[in-house]
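Structure first, then comments.
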Amino acid sequence: AVKSTPVVLSGTPLADGKAKIDAGDLLGARRILNAALLSGKLSDADIATDKSLLNQVNQTIVFSPKRFADDEFGGSYNVQPGELLTKIAAAHNITWQFLCTINGLSDPRKLRAGATLKVIKGPFFAQVEKKKFNMEIWIGGEPYSEGACYITNFPVGLGRDDSTPTGKWMI
């Protein structure tokens with residue numbers, strides 16, 4: 001039997017999220033940290049720390065093959081006879097390439113009926129902050145909207161002389 005250590009929460013979201021991470025409760029940490037981010041009550045420094053911690057937990061929750069049964073943005077899927085990865089991916093609003101990546105599949109043609117796949121419930125949303133050369137990735141809704149979850153960020157290159165157009169785009 002595995003003994004679990006109770007997590008004592010401090011009442012501050014960053015400390016509580018970190019405590020959950022340290023205790024191995026990545027989904028609990030993500031819930032606390034994302035709620036704090038969406039609250040609009042964090043300082044700029046705390047937002048940066050919060051997003052850094054969310055990046056850390058989402059590397060496992062979203063981008064690794066490890067499955068989380070209670071993930072409201074993901075879960076498991078049992079492959080049915082004759083199903084193709086493209087159909088499964090489309091049903092979850094993600095790409096088949098992403099499904100291959102998070103499941104460690106090198107060849108989608110080797111998918112077998114009865115296999116259990118990790119799935120993420122898309123679509124993903126991207127928000128580019130041109131002045132910071134940064135793109136944030138969200139799931140569950142548009143960035144900072146109710147029900148949305150911050151996933152990660154990436155540095156981006158932009159057009160010369162501020163030529164990158166602004167607006168909403170589908171990628």
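With sequence neighbours excluded, the residues forming a side-chain hydrogen bond (donor to acceptor under 3.5 Å, both in side chains) with N58 are R30, listed by chain and number. With sequence neighbours left out, the salt bridge (Lys or Arg N to Asp or Glu O under 4.0 Å) criterion links R112 to no other residue. In terms of the ring pair (Phe, Tyr, Trp, His ring centres under 6.0 Å) criterion, residue partners of Y77 (sequence neighbours excluded) are, by chain and number, H92. For F124, the ring pair (Phe, Tyr, Trp, His ring centres under 6.0 Å) partners are F98, not counting sequence neighbours. Under the salt bridge (Lys or Arg N to Asp or Glu O under 4.0 Å) criterion, K118 pairs with no residue, sequence neighbours left out. For D46, there are no salt bridge (Lys or Arg N to Asp or Glu O under 4.0 Å) partners at least two apart in sequence or on another chain. Residues satisfying the salt bridge (Lys or Arg N to Asp or Glu O under 4.0 Å) test with K66, not counting sequence neighbours, are none. Evaluation of the side-chain hydrogen bond (donor to acceptor under 3.5 Å, both in side chains) rule for S64 yields no partner, not counting sequence neighbours. With sequence neighbours excluded, the residues that form a ring pair (Phe, Tyr, Trp, His ring centres under 6.0 Å) with Y144 are W138.
Put simply, the side chain of R67 gets close to the backbone of T116: a donor and an acceptor are under 3.5 Å apart.
The salt bridge (charged side-chain N to carboxylate O under 4.0 Å, His left out) contacts involving residues 90-108 comprise D107-R109, where partners must be two or more places apart or lie in separate chains. Applying the salt bridge (charged side-chain N to carboxylate O under 4.0 Å, His left out) test to every pair with at least one member in residues 36-45, sequence neighbours left out, gives no pairs at all. Applying the salt bridge (charged side-chain N to carboxylate O under 4.0 Å, His left out) rule to pairs touching residues 49-61 yields K51-E136, sequence neighbours excluded.
A salt bridge links E72 with R31; the closest basic N to acidic carboxylate O contact falls under 4.0 Å. Looking at K18 and D22, a side-chain N of the basic residue comes within less than 4.0 Å of a carboxylate O on the acidic one, giving a salt bridge.
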